[in-house]
Amino acid sequence: MAIRVAYTGNGACAQAMRQVEPHMVAAYPITPQTEVVEEFAKFVADGKVKTKFLPVESEHSAMSACIGGAAAGGRVMTTTASQGLAYMWEMLYIASGLRLPIVMGVANRALSAPINIHGDHSDTMGARDSGWVQLYCKTVQEVYDTLIQAVRIAEHDEVRLPVMVCYDGFSVSHSLMDLEVLAEEQVKGFVGSFTPRYPLLDIANPVTYGPLALYDFYFEYRRQQVEAMATAERAVGEIAEEYASLSGRRYSAVEAYRLDNAEVALVSLGSTASTIEYAVDRLRDEGVAAGALRIRTFRPFPKDAIREALEPLKAVAVMDRSESLSGWGGPVGIEVKAAFYETEARPLLLDVVYGLGGRDVGVDDVREVFGELKKATDAGKMSDPVYYLSLRE
Amino acid sequence: MVVNLKKFTNKPELFTGGHRLCAGCGIATIIRQVLMAVENPVVISNATGCLEVGSSIYPYTSWKVPWIHSAFENSAATISGVETVYQALREEGKVAEDIRFIAIGGDGGTYDIGLQALSGALERGHNFTYICYDNEAYMNTGMQRSSASAYGSWTTTTPLGKVGKGKTIRKKPLTDIVVAHRIPYVAQAAPGHWRDLMTKVQKALATEGPSFLNILQPCVPGWRIEPHASMKAAKLAVETCYWPLYEVVDGVYRVTVKPKQKKPLAEYLELQGRFRHLLAEEQQPLLDELQADVDAVWEALLNKSAPTETKTKEE
Ligand SMILES: Cc1ncc(C[n+]2csc(CCOP(=O)(O)OP(=O)(O)O)c2C)c(N)n1
């Protein structure tokens with residue numbers, strides 16, 4: 001039987017990890033992810049899991065150990081944030097290049113300098129080309145649900161890519177929300193047992209992992225990852241459906257909120273969607289044809305679903321919680337714009353950079369962005385391609 | 001433990017020919033000796049470097065044992081994940097074999113960029129053997145200095161010039177650093193003394209907990225020696241006491257090969273182009289200093305060594 005409790009995002013992440021009970025968790029603490037490591041260590045200490053917990057000396061070694069563990073033939077997990085993710089960078093590409101189904105929770109946090117412990121998406125956005133599936137969660141419940149699904153996505157026979165489960169530092173990692181926890185056997189049944197491919201520990205069939213591949217073979221390796229990522233789009237959907245029949249909670253690559261008959265909308269990732277949806281309700285009450293779209297799967301990038309959802313609109317603001325320094329704002333805006341390059345009709349598109357270093361975004365801020373969209377629709381054009389929200393200038 | 005050559009030569013090779021290490025490369029000799037000495041199944045993790053590059057050019061591999069290369073600085077961290085999952089799968093009854101785990105790295109991957117990962121894995125007490133093949137420079141990238149490079153040696157980043165005198169910093173005492181971790185088995189070896197090396201491999205693999213072997217490895221292009229001279233260089237390193245062969249078992253030191261007559265350091269240096277500049281007449285004071293340093297380290301080692309019978313001559 002499922003039970004309802006109040007949990008933080010970190011707590012939910014740790015609970016899901018406990019119920020999945022991987023062979024190994026190798027992790028290193030960093031705010032705002034620390035509690036996951038602590039809670040998991042306690043589960044081990046209390047004998048609640050058989051998982052081997054490896055308190056490594058760095059995030060680089062955490063990911064290296066996960067790579068070794070997954071290649072050995074184990075189900076392995078880690079969690080990190082910010083500088084920790086940056087420190088793992090080299091190994092992220094190796095995990096995906098070796099096609100190892102590692103699952104990692106990331107409590108999103110800004111990158112130094114200046115050092116800052118609060119939520120933004122600079123850390124995971126920088127890893128968007130690293131070959132990891134990236135799923136962004138809105139709520140504590142979604143962190144739990146997504147982590148469980150991530151195991152299946154990563155281990156899907158035609159995917160075999162590592163998966164990042166991203167959730168906003170503090171606003172999700174440390175916020176208490178309602179959580180429905182599935183029964184142990186439901187989770188165990190859903191994830192099933194792990195079937196490794198070409199494990200190192202299969203002594204009778206020795207394999208070589210991580211050879212040197214030059215101009216004659218390297219390119220094909222990367223191309224196969226493209227294929228796997230495309231397959232992941234289908235796998236994410238199928239696994240979400242299966243999970244919906246288990247839990248009653250259905251997730252999709254993009255989630256539309258009151259987009260029917262909408263003229264203007266905000267696109268976002270993660271927890272900001274809650275604030276936007278609240279503002280949309282107020283605006284609808286006031287007669288504004290407002291709506292919202294949340295991108296849950298950023299890798300693979302659901303370009304068709306995004307196009308389909310936004311094409312009929314007059315103006316759209318893409319909320320970016322990181323800066324690409326390209327002069328085009330953040331990466332989400334750039335990719336959404338790219339999705340519209342070949343369409344006949346497209347909405348006016350504004351990129352909004354917001355919330356860097358954890359700067360709060362409230363309902364009034366969201367209203368301000370909708371105000372900008374109104375100005376643009378009245379004028380028939382965007383005055384500026386990038387808008388910096390709640391910034392001292 | 002006594003190593004029997006006949007038995008080993010009848011064993012199938014686990015590191016096959018056709019690899020692309022240089023002619024005369026000491027690494028291949030070391031790895032063959034290591035794999036001849038193993039008795040249990042092994043899984044190997046290998047740091048980026050000459051061995052990795054020379055043995056695993058896709059779609060070929062020289063390895064007839066399970067092998068993983070992930071990056072340069074993390075051979076020890078990678079094997080710690082392999083070993084940990086092994087423990088978990090054994091408890092689940094999914095793996096039956098009694099497997100041993102070996103992490104390999106060059107001196108760059110061990111003394112320098114991989115020191116943290118090595119230290120972490122030793123501290124955590126994984127059941128594995130770390131093997132450093134120490135050729136005293138970053139050979140794979142073209143002979144740049146490492147913290148293992150010998151005092152006075154030429155490398156491409158300690159070049160000779162009007163001002164440049166080669167490397168003017170001492171070699172990092174890595175074996176001592178590892179001993180300070182108080183792991184159960186640490187040893188220095190060299191491939192010219194194959195029986196000693198293979199015995200140490202067997203002891204290391206039989207150790208419960210972490211073990212470490214630091215193996216001096218002559219490098220043909222990096223040391224500027226002839227391909228046929230690499231084993232000679234390895235032997236001279238031992239006979240001059242530049243590279244003493246010893247082991248530290250549960251903190252107790254024992255010299256395993258004591259040269260009958262300690263040769264002058266110059267004999268070892270002379271063989272190698274990387275030291276040629278040290279042999280000029282005006283360099284005599286420096287040479288004397290280097291000799292005095294070797295003598296002092298050797299004396300200190302003998303003093304802390306358990307007074308057990310040590311062989312004076314082998315093979
Ligand atoms: C993080 C990182 N930095 C630098 C390199 C480039 N690199 C590859 S091998 C190597 C030197 C390896 O030296 P060593 O460990 O002594 O092994 P050898 O080449 O002598 O076999 C370097 C610098 C790398 N692959 N990764």
Side-chain angles (χ1 to χ4, degrees), chain A residues 21-26 28 50-76 78 88 90-91 93-95 97-98 100 102 193-194 196 198-214 216-218 220-221, chain B residues 14 20 40-46 48 52-92 94-99 101 103 114 116-124 126:
Chain A
E21 202 178 355
H23 295 109
M24 181 184 82
V25 167
Y28 194 84
K50 292 194 300 276
T51 305
K52 303 283 174 199
F53 175 59
L54 206 57
V56 280
E57 83 297 334
S58 73
E59 288 87 354
H60 194 284
S61 286
M63 189 48 66
S64 301
C66 283
I67 287 167
R75 181 178 271 161
V76 305
T78 186
M88 289 183 181
E90 181 192 25
M91 303 318 297
Y93 282 78
I94 294 170
L98 296 180
L100 298 170
I102 299 164
S193 68
F194 177 48
Y198 314 112
L200 285 171
L201 296 176
D202 181 0
I203 292 296
N205 299 291
V207 284
T208 286
Y209 267 87
L212 175 74
L214 301 174
D216 46 357
F217 285 105
Y218 179 91
E220 282 75 16
Y221 266 77
Chain B
L14 297 173
R20 299 173 203 193
N40 293 69
V42 290
V43 177
I44 293 177
S45 110
N46 198 156
T48 310
E52 165 266 325
V53 164
S55 65
S56 72
I57 305 178
Y58 188 85
Y60 305 105
T61 180
S62 293
W63 300 93
K64 291 196 167 178
V65 294
W67 181 91
I68 181 168
H69 157 252
S70 72
F72 183 22
E73 64 281 59
N74 63 352
S75 187
T78 305
I79 207 74
S80 72
V82 177
E83 189 260 354
T84 302
V85 161
Y86 166 71
Q87 302 296 352
L89 292 177
R90 244 174 97 94
E91 281 168 25
E92 268 185 23
K94 287 194 177 147
V95 177
E97 293 93 342
D98 183 7
I99 304 173
F101 299 91
Q116 170 185 311
L118 169 64
S119 177
L122 296 178
E123 184 261 341
R124 292 192 298 274
H126 294 281

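Note that this is a predicted model, so its numbers are computed, not measured. Proteins come first, then strands; the chains are lettered A, B, ... in the order of their sequence lines, and each starts at number 1. As a basis for the values below, the full set of heavy atoms in this structure was taken, side chains included, without hydrogen atoms, waters or symmetry mates.
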With a 4.5 Å limit on heavy-atom distance, are the side chains of [X] and [Y] in contact?
X	Y	answer
A:Lys52	B:Glu91	yes
B:Val43	A:Ile203	yes
B:Glu52	A:Leu212	yes

Which one, A:Ile67, A:Val56, A:Thr51, A:Leu214, leads in non-hydrogen pairs under 4.5 Å with chain B?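 Of the candidates given, the most pairs with chain B belong to A:Val56.
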Between A:Val207, A:Asp216, A:Asn205, A:Leu98, which residue shows the highest count of heavy-atom pairs closer than 4.5 Å to chain B?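 Between A:Val207, A:Asp216, A:Asn205, A:Leu98, the count favours A:Val207.
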Would you please name every residue forming a salt bridge (charged side-chain N to carboxylate O under 4.0 Å, His left out) with B:Glu123, sequence neighbours left out?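 Applying salt bridge (charged side-chain N to carboxylate O under 4.0 Å, His left out) to B:Glu123 gives none.
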Just to verify, what does B:Trp63 make a ring pair (Phe, Tyr, Trp, His ring centres under 6.0 Å) with, not counting sequence neighbours?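 Testing B:Trp63 for ring pair (Phe, Tyr, Trp, His ring centres under 6.0 Å), a comparison that skips the adjacent residues, returns B:Phe15, B:Trp67.
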Does any heavy atom of chain A fall under 4.5 Å from the side chain of [X], the backbone, both, or neither of them?
X	value
B:Glu97	side chain
B:Glu83	neither
B:Ile79	neither
B:Ser45	neither
B:Val65	backbone

Test side chain to side chain contact (heavy atoms under 4.5 Å, CB included) on B:Arg90 and A:Leu201 and set out the steps. CA-CA 10 Å; B:Arg90 244 174 97 94; A:Leu201 296 176; over 6 Å; no
Calculate, to the nearest 0.5 Å, the distance between atoms OG and CE belonging to B:Ser80 and A:Met24 respectively.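 One finds 7.0 Å between OG of B:Ser80 and CE of A:Met24.
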Hydrogens and angles aside, do A:His60 and B:Gln116 bring a side-chain donor and acceptor to less than 3.5 Å of each other?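 The answer is no; no qualifying pair exists.
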Is there a donor in the side chain of A:Glu57 and an acceptor in the side chain of B:Ser119, or the other way round, less than 3.5 Å apart?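 Their side chains do not contain a donor-acceptor pair, so the 3.5 Å distance test is not met.
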